[in-house]
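Here the structure is a predicted model, which means the values were calculated and not measured.
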Amino acid sequence: MRQKPTVLAREIVASSRLFRVEELQLRFSNGVERTYERLVSRGSGYGAVMIVAMADARSVLLVEEYCGGTDSYELSLPKGLIEPGEDVLEAANRELKEEAGFGARQLEFLAELSLSPGYMSQKIQVVLARDLYVEHLPGDEPEPMRVERFDLAELSSLVQHPQFSEGRALAALYLARDLLTQRGEFAA
């Protein structure tokens, strides 16, 4: 196992409402020194969830929302921050109700994914939601989100969709489809 670099210094070099940029001065085991920068959250550190919500045995719910990073409307999975006092599954169900207008009777933790480990410290918890029912909760979105169903059997074609580009959502969808297939609960 490799030895982690020694942190010689760390400093917050920029700050915004949501993020801080931390500069790390590192020395690697071979003596090479480098400066790294990474985004660190300003929040309370409770984390985030992403929900693979199965509308039926084959269809998953996608939501469309404006994304400032790409300056476009994108399709993705419902997701959001875990609030103080919530566990991962409670947060997933709340976010699903806020963003897609559905709750889930069955929730299952699937995986923890990093977003961009070279530049960000944040991770997201992926949850599979099934046995959905209609329930809307008010959320913090500036406008209503459009909800679309997508057949998991057509997953490879989703990458070609002009409004879908989020890699972590694609990974979550493949994880869910593979798990359901292994259990014999999904047939492509």
Exercise for the section: Look only at the side chain of Glu86 and the backbone of Glu83, and say whether a donor-acceptor pair between them is shorter than 3.5 Å. Expected result: yes
Problem - Rounded distance (nearest 0.5 Å) linking atom CG of Leu180 with atom CG of Leu152 - result: 7.5 Å
Handout entry: Check against side chain to side chain contact (heavy atoms under 4.5 Å, CB included), Glu135 and Phe102
Key = CA-CA 5 Å; Glu135 184 175 343; Phe102 289 92; over 6 Å; no
Practice task
In sequence, state the C-alpha distance, the side-chain angles, and the governing distance for Arg94 and Glu90, and then conclude on salt bridge (charged side-chain N to carboxylate O under 4.0 Å, His left out).
Solution key: CA-CA 6 Å; Arg94 178 185 48 75; Glu90 290 169 332; over 6 Å; no
Exercise for the section: Write down the atom of Ala153, the atom of Phe186, and the distance for their closest heavy-atom approach. Expected result: N-CZ, 3.5 Å
Problem - Heavy-atom closest contact (Ser76 atom, Met50 atom, distance) - result: OG-CE, 4.4 Å
Fill in the blank from the handout: To the nearest 0.5 Å, atom CD of Glu74 lies from atom OH of Tyr66 at 10.5 Å
Practice task
Could you state whether Val63 and Leu137 fall into the same hydrophobic cluster, counting links through intermediate Ile, Leu, Val, Met, Phe, Trp or Tyr residues with side-chain heavy atoms under 4.5 angstrom apart?
Solution key: no
Fill in the blank from the handout: On a heavy-atom basis, the closest approach of Ala171 and Leu113 is CB-CD1, 4.2 Å
Exercise for the section: Would you please classify the geometry between the Tyr36 ring and the Phe28 ring as parallel, tilted or perpendicular, with 30° and 60° separating the classes? Expected result: tilted
Practice task
Could you tell me whether a side-chain N or O of Asn93 sits under 3.5 Å from a main-chain N or O of Ala104, the two making a donor and an acceptor?
Solution key: yes
Practice task
With rounding to the nearest 0.5 Å, note down the distance linking CD1 in Ile51 to NZ in Lys79.
Solution key: 9.0 Å
Handout entry: Test item: side-chain donor near acceptor, Ser29 and Gln3, under 3.5 Å
Key = no
Handout entry: Glu37/Arg10 under salt bridge (charged side-chain N to carboxylate O under 4.0 Å, His left out): CA gap, chis, key distance, verdict
Key = CA-CA 10 Å; Glu37 290 182 349; Arg10 73 177 60 216; over 6 Å; no
Practice task
Return yes if a side-chain donor-acceptor contact under 3.5 Å exists between Glu23 and Gln25, otherwise no.
Solution key: yes
Handout entry: Polar side-chain atom of Ser157 near backbone of Glu154 as donor-acceptor pair, under 3.5 Å
Key = yes
Exercise for the section: Give a yes or no on this: more than 12 heavy atoms of other residues, nucleotides or ligands lie within 6.0 Å of atom OH of Tyr174. Expected result: yes
Practice task
Return yes when atom CZ of Arg34 has more than 12 non-hydrogen atoms of other residues, nucleotides or ligands closer than 6.0 Å, and no otherwise.
Solution key: no
Handout entry: Minimum heavy-atom distance Leu39-Gln122, with the two atoms named
Key = O-OE1, 3.8 Å
Handout entry: Path from Val32 to Leu26 over hydrophobic side-chain contacts below 4.5 Å
Key = no
Handout entry: Short side-chain to backbone donor-acceptor contact, Ser59 and Ala55, under 3.5 Å
Key = no
Practice task
Quick one: do Leu128 and Leu175 satisfy side chain to side chain contact (heavy atoms under 4.5 Å, CB included)? Show the steps, please.
Solution key: CA-CA 9 Å; Leu128 177 63; Leu175 284 167; over 6 Å; no
Exercise for the section: Please check if Leu77 and Leu81 belong to a single hydrophobic cluster, counting links between Ile, Leu, Val, Met, Phe, Trp and Tyr side chain heavy atoms closer than 4.5 Å. Expected result: no
Exercise for the section: Drop me the distance from Leu107's CG to Leu96's CG, to the nearest 0.5 angstrom. Expected result: 8.0 Å
Problem - N/O donor-acceptor pair under 3.5 Å between Gln182 side chain and Leu179 backbone - result: no
Fill in the blank from the handout: To the nearest 0.5 Å, atom CG of Asp131 lies from atom CG of Asp56 at 12.0 Å
Problem - Single-linkage hydrophobic cluster Leu8~Ile12, side-chain heavy atoms < 4.5 angstrom - result: no
Exercise for the section: Look at Arg177 together with Glu185 and state whether they make a salt bridge at an N to O cut-off of under 4.0 Å. Expected result: no
Problem - Whether Glu64 side chain and Val147 backbone form a donor-acceptor pair below 3.5 Å - result: no
Fill in the blank from the handout: When every non-hydrogen atom of Ala176 is compared with those of Val52, the smallest separation belongs to CB-CG1, 3.6 Å
Practice task
List the steps and the verdict of side chain to side chain contact (heavy atoms under 4.5 Å, CB included) for Val49 and Glu95.
Solution key: CA-CA 8 Å; Val49 293; Glu95 286 292 342; 4.2 Å; yes
Handout entry: Lys/Arg-Asp/Glu bridge criterion (N-O < 4.0 Å) met for Glu148, Arg146
Key = yes
Exercise for the section: Check the hydrophobic clustering (I, L, V, M, F, W, Y; side-chain heavy atoms under 4.5 Å; chains of links allowed) and say if Leu110 and Ile124 are grouped together. Expected result: yes
Problem - CD on Glu99 to CG on Leu61, rounded to 0.5 Å - result: 11.5 Å
Practice task
Dump the intermediate steps for side chain to side chain contact (heavy atoms under 4.5 Å, CB included) on Arg38 and Met120, then the final yes or no.
Solution key: CA-CA 5 Å; Arg38 67 180 183 174; Met120 298 175 74; over 6 Å; no
Completion exercise
For Tyr133 and Arg105 the tightest heavy-atom approach is CB-NH2, 3.5 Å
